[in-house]
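Given the structure is predicted, the values throughout are model-derived calculations rather than measurements. The figures here come from the full heavy-atom set of this structure, side chains too, leaving out hydrogens, waters and symmetry mates. Numbering starts at 1 and runs along the sequence shown.
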Amino acid sequence: MRRKLVVGNWKMFGRLARNKALLEGVMSGVSALRNTDCAVCVPYPYLGQVQTLLQGSNVAWGAQNMSQHEEGAYTGEVAPGMLLEFGCKYVILGHSERRGIYHEGDEMIALKFEAAIKAGLMPILCVGETLEERDAAVTEEVVARQLDAIVKKVGVKALENAVIAYEPVWAIGTGKTASPDQAQAVHAFIRQRVAKLDGQIAQGLCILYGGSVKAANAPELFSMPDIDGGLIGGASLVAEDFVAICRAGK
Ligand code: PGA
């Protein structure tokens, strides 16, 4: 049985005072959870606060992006080693907002993925199709391309220390969740694709669903055989909502 994982993605939201109340609410709400791992991925400036507050709790933390470079003249960028200094376990890579708004392509995301693995961070690789792509029935093709770019760069073994998040772009922040069956179909596709290369890694691979996950729809989504938890945007900003989703993992 794979453990469930629920990760909050705060995106570019937060303020010191608000974060403190939110983190305290999350910590106390999930302290008794045994079979679900919980984490929050926060904006860089809050990593110090998160490290101080979450240290010793059962909530892990991480960042939402990072540079593929170890150091150098890259103004505005943040290196993997810097995330480690703040105790990060996870780093989200290839989120559709990075792909779409900041034009990060498969090749760059693969370089970042490789750098994360090398640093000992656990990448949460986001994949997913746009509405046009779903309508054109090329969802599997798109997800396969996004996944294959990573495997080609780092090899299938690297997935042992990684998480995949299937996030259909049309479901992110829209209130339109993929149905449990729609999500399950893509999750199964991802697992089968990895299984063709390494059955054991595929079996252990944690595949999260993301896109308008709420307390109300989380239990049904998380009960699907290939859905191992969620990547949560909007609902991760309200402690009781995020805690309820973490609890839905059982
Ligand atoms: P959402 O965001 O839960 O607000 O749809 C999910 C994500 O982008 O990770």
Side-chain angles (χ1 to χ4, degrees), residues 5 7 9 11 39 41 44 62-84 88-130 132-134 138-169 172 186-211 226 228-229 231 233:
L5 171 66
V7 180
N9 173 11
K11 309 197 176 187
C41 289
Y44 299 131
Q64 302 168 13
N65 184 29
M66 60 166 219
S67 170
Q68 66 272 41
H69 303 291
E70 279 176 30
E71 62 180 1
Y74 302 104
T75 301
E77 290 292 294
V78 171
M82 297 172 185
L83 301 184
L84 287 178
C88 287
K89 176 172 182 184
Y90 298 101
V91 60
I92 298 173
L93 295 177
H95 190 280
S96 68
E97 288 149 20
R98 301 298 317 172
R99 291 178 191 264
I101 305 169
Y102 298 100
H103 310 294
E104 290 190 14
D106 289 330
E107 178 57 20
M108 181 191 273
I109 295 161
L111 287 169
K112 291 184 178 197
F113 192 100
E114 186 179 41
I117 296 284
K118 195 170 158 214
L121 290 157
M122 187 168 279
I124 300 174
L125 172 74
C126 299
V127 298
E129 81 289 1
T130 62
E132 295 70 45
E133 289 164 340
R134 174 157 285 263
V138 292
T139 296
E140 292 190 352
E141 215 172 289
V142 170
V143 169
R145 192 202 72 224
Q146 294 169 336
L147 187 64
D148 292 354
I150 303 301
V151 173
K152 190 169 151 235
K153 176 65 105 199
V154 297
V156 67
K157 292 271 184 249
L159 295 183
E160 205 160 20
N161 298 307
V163 172
I164 308 283
Y166 169 57
E167 297 206 309
V169 180
I172 295 176
V186 181
H187 282 232
F189 171 77
I190 293 170
R191 201 177 303 285
Q192 280 155 18
R193 197 159 182 93
V194 175
K196 282 188 195 146
L197 302 169
D198 189 315
Q200 208 174 332
I201 287 180
Q203 208 39 49
L205 184 64
C206 176
I207 310 178
L208 308 180
Y209 168 78
D226 288 297
D228 304 312
L231 182 56

With sequence neighbours excluded, residues passing salt bridge (Lys or Arg N to Asp or Glu O under 4.0 Å) with E129: R134
Any residue meeting side chain to side chain contact (heavy atoms under 4.5 Å, CB included) with V138, in chain and number order, not counting sequence neighbours: E133, A136, E141, V142
Non-neighbouring partners of Q64 that pass side-chain hydrogen bond (donor to acceptor under 3.5 Å, both in side chains), sequence neighbours left out: none
The criterion is salt bridge (Lys or Arg N to Asp or Glu O under 4.0 Å); which residues satisfy it with E107, sequence neighbours excluded? K153
Where is the tightest heavy-atom contact between L208 and L5, given as atom of each residue plus distance? CD2-O, 3.2 Å
The salt bridge (Lys or Arg N to Asp or Glu O under 4.0 Å) partners of E104 (sequence neighbours excluded) come to R98, K112
I190 CD1 to L205 CG distance, which is reported to the nearest 0.5 Å: 8.5 Å
Short question: side chain of Y209, backbone of G211 - any donor-acceptor pair under 3.5 Å? yes
Nearest heavy-atom contact between P123 and L93 is CB-CD1, 3.8 Å
Contacts of type side chain to side chain contact (heavy atoms under 4.5 Å, CB included), residue A115, not counting sequence neighbours: M66, P80
Taking all atoms of both residues into account, what is the closest heavy-atom pair of L83 and N65, and its distance? CD1-O, 4.1 Å
Under the criterion side-chain contact (heavy atoms from CB on, under 4.5 Å), I'd like the reasoning laid out for K11 against H95: C-alpha separation, chi angles, the key distance, then a yes or no. CA-CA 10 Å; K11 309 197 176 187; H95 190 280; 4.1 Å; yes
Restricting to side-chain hydrogen bond (donor to acceptor under 3.5 Å, both in side chains), what partner residues turn up for K118, sequence neighbours left out? E70
Do F189 and L147 have side chains that approach each other closer than 4.5 Å (heavy atoms only, starting at C-beta)? no
For E77, what residues pass the side chain to side chain contact (heavy atoms under 4.5 Å, CB included) criterion, not counting sequence neighbours? S67, Y74
I117 side, atom CD1; N161 side, atom CG - distance, nearest 0.5 Å: 5.5 Å
How would you list all residue pairs meeting side-chain hydrogen bond (donor to acceptor under 3.5 Å, both in side chains) that involve residues 195-206, not counting sequence neighbours? K157-D198
Looking at residues at least two apart in the chain, or sitting in another chain, which of them share a side-chain hydrogen bond (donor to acceptor under 3.5 Å, both in side chains) with R191? D226, D228
How long is the gap from CD1 on I92 to CG on L125, to the nearest 0.5 Å? 11.0 Å
Could you pull out all residues at least two apart from R99 that satisfy side-chain hydrogen bond (donor to acceptor under 3.5 Å, both in side chains)? D106
Audit row: E97, I172, side-chain contact (heavy atoms from CB on, under 4.5 Å) steps and yes/no: CA-CA 10 Å; E97 288 149 20; I172 295 176; 3.7 Å; yes
Between Y166 and L231, does a side-chain contact (heavy atoms from CB on, under 4.5 Å) hold up when you go through it step by step? CA-CA 9 Å; Y166 169 57; L231 182 56; over 6 Å; no
With sequence neighbours left out, write down each residue that passes side chain to side chain contact (heavy atoms under 4.5 Å, CB included) with V154, or none if nothing qualifies. F113, E114, I150, A158
If you take all heavy atoms of I109 and G94, which pair is closest and at what distance? CD1-CA, 3.6 Å
Could you measure the distance from the OG atom of S96 to the CD1 atom of I101? Nearest 0.5 Å is fine. 8.0 Å
